[in-house]
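All values below were derived from every heavy atom in this structure, side-chain atoms included, with hydrogens, water molecules and symmetry-related copies excluded. Below, read A as the first sequence line, B as the second, and so on, with proteins coming before strands; counting in each chain starts at 1.
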2 protein chains.
Amino acid sequence: MVANKSKPIRRDIFQAIADPTRRAIIFLLAVGAMTPNAIAEHFNSSRQAVSKHLKVLVECEVVNQEQQGREIHYHLNSEKMKEIEKWLEQFKKVMENRFNNLDQYLAKLKNQKS
Amino acid sequence: MVANKSKPIRRDIFQAIADPTRRAIIFLLAVGAMTPNAIAEHFNSSRQAVSKHLKVLVECEVVNQEQQGREIHYHLNSEKMKEIEKWLEQFKKVMENRFNNLDQYLAKLKNQKS
DNA sequence: TATTTGCGCAACCACATTGTTGCGTATATA
DNA sequence: TATATACGCAACAATGTGGTTGCGCAAATA
């Protein structure tokens, strides 16, 4: 009723790595493709819990499914990980230029020369 | 007692950057310290919404507060950002060695009959 | 002093997240 | 064929997230 800015469900790399279990899964899959059961054996989590995390990872396009008989192998799409790197690079660029930008900001905010 | 593994509230850098508004705030603060009002002016969000994000960022230790009169200046703790980089480095290391590790993993996992 | 301004805090709401159990189905195997 | 296994999916519960409005207080200002 009263308000609530409709927020879309976020499905990006940052959402993918927000959960520690998912980060661990990513590391596991970086080594090689695995089935949900194999992954679950590495954690305290149940198979179903892992399965849910995998679903999120698939939705975030960090992980791909490959059916093999009755098993499903999940493997990492490591390309997606580069988006984090890209973001970090941008951030570092801003940090490097922050004094220049700060000047611009101050100039913009105050109409006087120093 | 219908179950639910008590999960602690996650307050780390990955939680901090999970939200797009918070990522934008981080970029803003990378340029220079700002007040909540000044930050809010850059978004559609209200001051209170921004304030909540700032609270999360403070809890994640990505941002520090500095009271100046009745204004509070928030500035970035860019050190915290390096944790993302560290994690990425680890990941890349795993990716580089994955073929070696794959052998180890397969040996470990398939010591069942096969 | 009286008023405005900056901002945190609490209450509230809708929805997302993270886990659980149970079930259905397809595949492998005895 | 009968049974066990791998897995997704649905239903449910507890808690977190992200937003809102309204209030109160301290600091600045008229």
Side-chain angles (χ1 to χ4, degrees), chain A residues 1-12 14-25 29 33-60 62-75, chain B residues 1-12 14-26 29 33-60 62-75 109-110 112-114:
Chain A
M1 264 179 70
V2 184
N4 202 2
K5 201 155 272 182
S6 66
K7 44 184 171 167
I9 324 168
R10 267 173 291 110
R11 284 295 182 258
D12 55 25
F14 298 101
Q15 178 71 9
I17 65 170
D19 183 87
T21 302
R22 281 200 291 272
R23 288 199 298 278
I25 291 176
L29 296 185
M34 289 176 85
T35 64
N37 268 336
I39 296 168
E41 280 165 14
H42 289 74
F43 305 104
N44 297 352
S45 302
S46 65
R47 179 187 60 79
Q48 280 84 350
V50 167
S51 215
K52 273 200 168 187
H53 282 303
L54 285 170
K55 198 185 167 207
V56 173
L57 288 171
V58 167
E59 285 169 4
C60 294
V62 178
V63 151
N64 301 104
Q65 294 176 314
E66 183 199 0
Q67 188 95 33
Q68 283 193 6
R70 67 178 170 180
E71 293 187 343
I72 297 179
H73 290 249
Y74 288 84
H75 33 112
Chain B
M1 13 209 61
V2 186
N4 200 0
K5 201 157 272 181
S6 67
K7 43 182 174 171
I9 324 168
R10 269 172 292 111
R11 283 298 182 253
D12 54 27
F14 299 100
Q15 179 70 11
I17 65 169
D19 183 86
T21 303
R22 281 201 291 273
R23 288 199 296 280
I25 291 176
I26 287 174
L29 296 185
M34 290 177 86
T35 65
N37 268 337
I39 296 169
E41 278 165 16
H42 289 76
F43 304 103
N44 297 352
S45 303
S46 65
R47 179 188 61 78
Q48 281 86 348
V50 167
S51 216
K52 272 199 167 185
H53 282 303
L54 285 171
K55 198 185 166 207
V56 173
L57 288 172
V58 167
E59 285 169 5
C60 295
V62 178
V63 151
N64 302 105
Q65 293 177 313
E66 184 200 1
Q67 187 95 33
Q68 282 192 9
R70 67 177 170 177
E71 293 188 344
I72 297 179
H73 290 248
Y74 287 83
H75 33 111
L109 292 177
K110 292 204 172 178
Q112 346 170 24
K113 55 181 167 224
S114 63

Let me know the distance between [atom1] of [X] and [atom2] of [N], rounded to the nearest Å.
X	N	atom1	atom2	answer
I39(B)	dG6(C)	CD1	P	14 Å
Q15(B)	dA16(C)	CD	P	16 Å
D12(A)	dA16(C)	CG	C1'	14 Å
H73(A)	dG8(D)	NE2	P	12 Å
E59(A)	dA16(C)	CD	P	12 Å
F14(A)	dT17(C)	CZ	P	16 Å
R10(A)	dT18(C)	CZ	P	11 Å
L57(B)	dC7(C)	CG	C1'	16 Å

[N] OP1/OP2 closer than 4.0 Å to side-chain N/O of [X]:
X	N	result
T35(B)	dG6(C)	no
H53(A)	dG19(C)	yes
N37(B)	dC7(C)	yes

**Q.** Least distance between heavy atoms, H75(A) atom then A33(A) atom
**A.**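 H75(A) and A33(A) have their closest heavy atoms at CB-CB, 3.6 Å.
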**Q.** Minimum-distance nucleotide to I9(B) side chain [options: dG16(D), dT18(C), dT20(D)]
**A.**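 Per side-chain heavy atoms of I9(B), the pick is dG16(D).
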Q. So, the side chain of R22(B) versus the backbone of I17(B): is there a donor-acceptor pair under 3.5 Å, distance only?
A.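 No: the side chain of R22(B) does not pair with the backbone of I17(B).
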Q) Is a donor on one side and an acceptor on the other found under 3.5 Å between the side chain of Q67(A) and the backbone of G69(A)? A)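 Looks like yes, one N/O pair under 3.5 Å.
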Student check: side-chain heavy atoms of [X] and [Y] closer than 4.5 Å:
X	Y	value
Q15(A)	D12(A)	yes
D19(A)	R10(B)	yes
E66(A)	I72(A)	no

Between the protein and nucleotides 26-28 of chain C, are there any N/O to N/O pairs under 3.5 Å, and if so, what are the atom names and distances?
residue: dT27(C); atom: O3'; partner: R70(A); partner atom: N; Å: 3.3
residue: dT27(C); atom: O2; partner: R70(A); partner atom: NH1; Å: 3.0

So which protein N/O to nucleotides 8-12 of chain C N/O distances come out below 3.5 Å?
residue: dG8(C); atom: OP1; partner: Y74(B); partner atom: OH; Å: 2.2
residue: dG8(C); atom: OP2; partner: S51(B); partner atom: OG; Å: 2.3
residue: dG8(C); atom: N7; partner: R47(B); partner atom: NH1; Å: 3.4
residue: dG8(C); atom: O6; partner: R47(B); partner atom: NH2; Å: 3.4

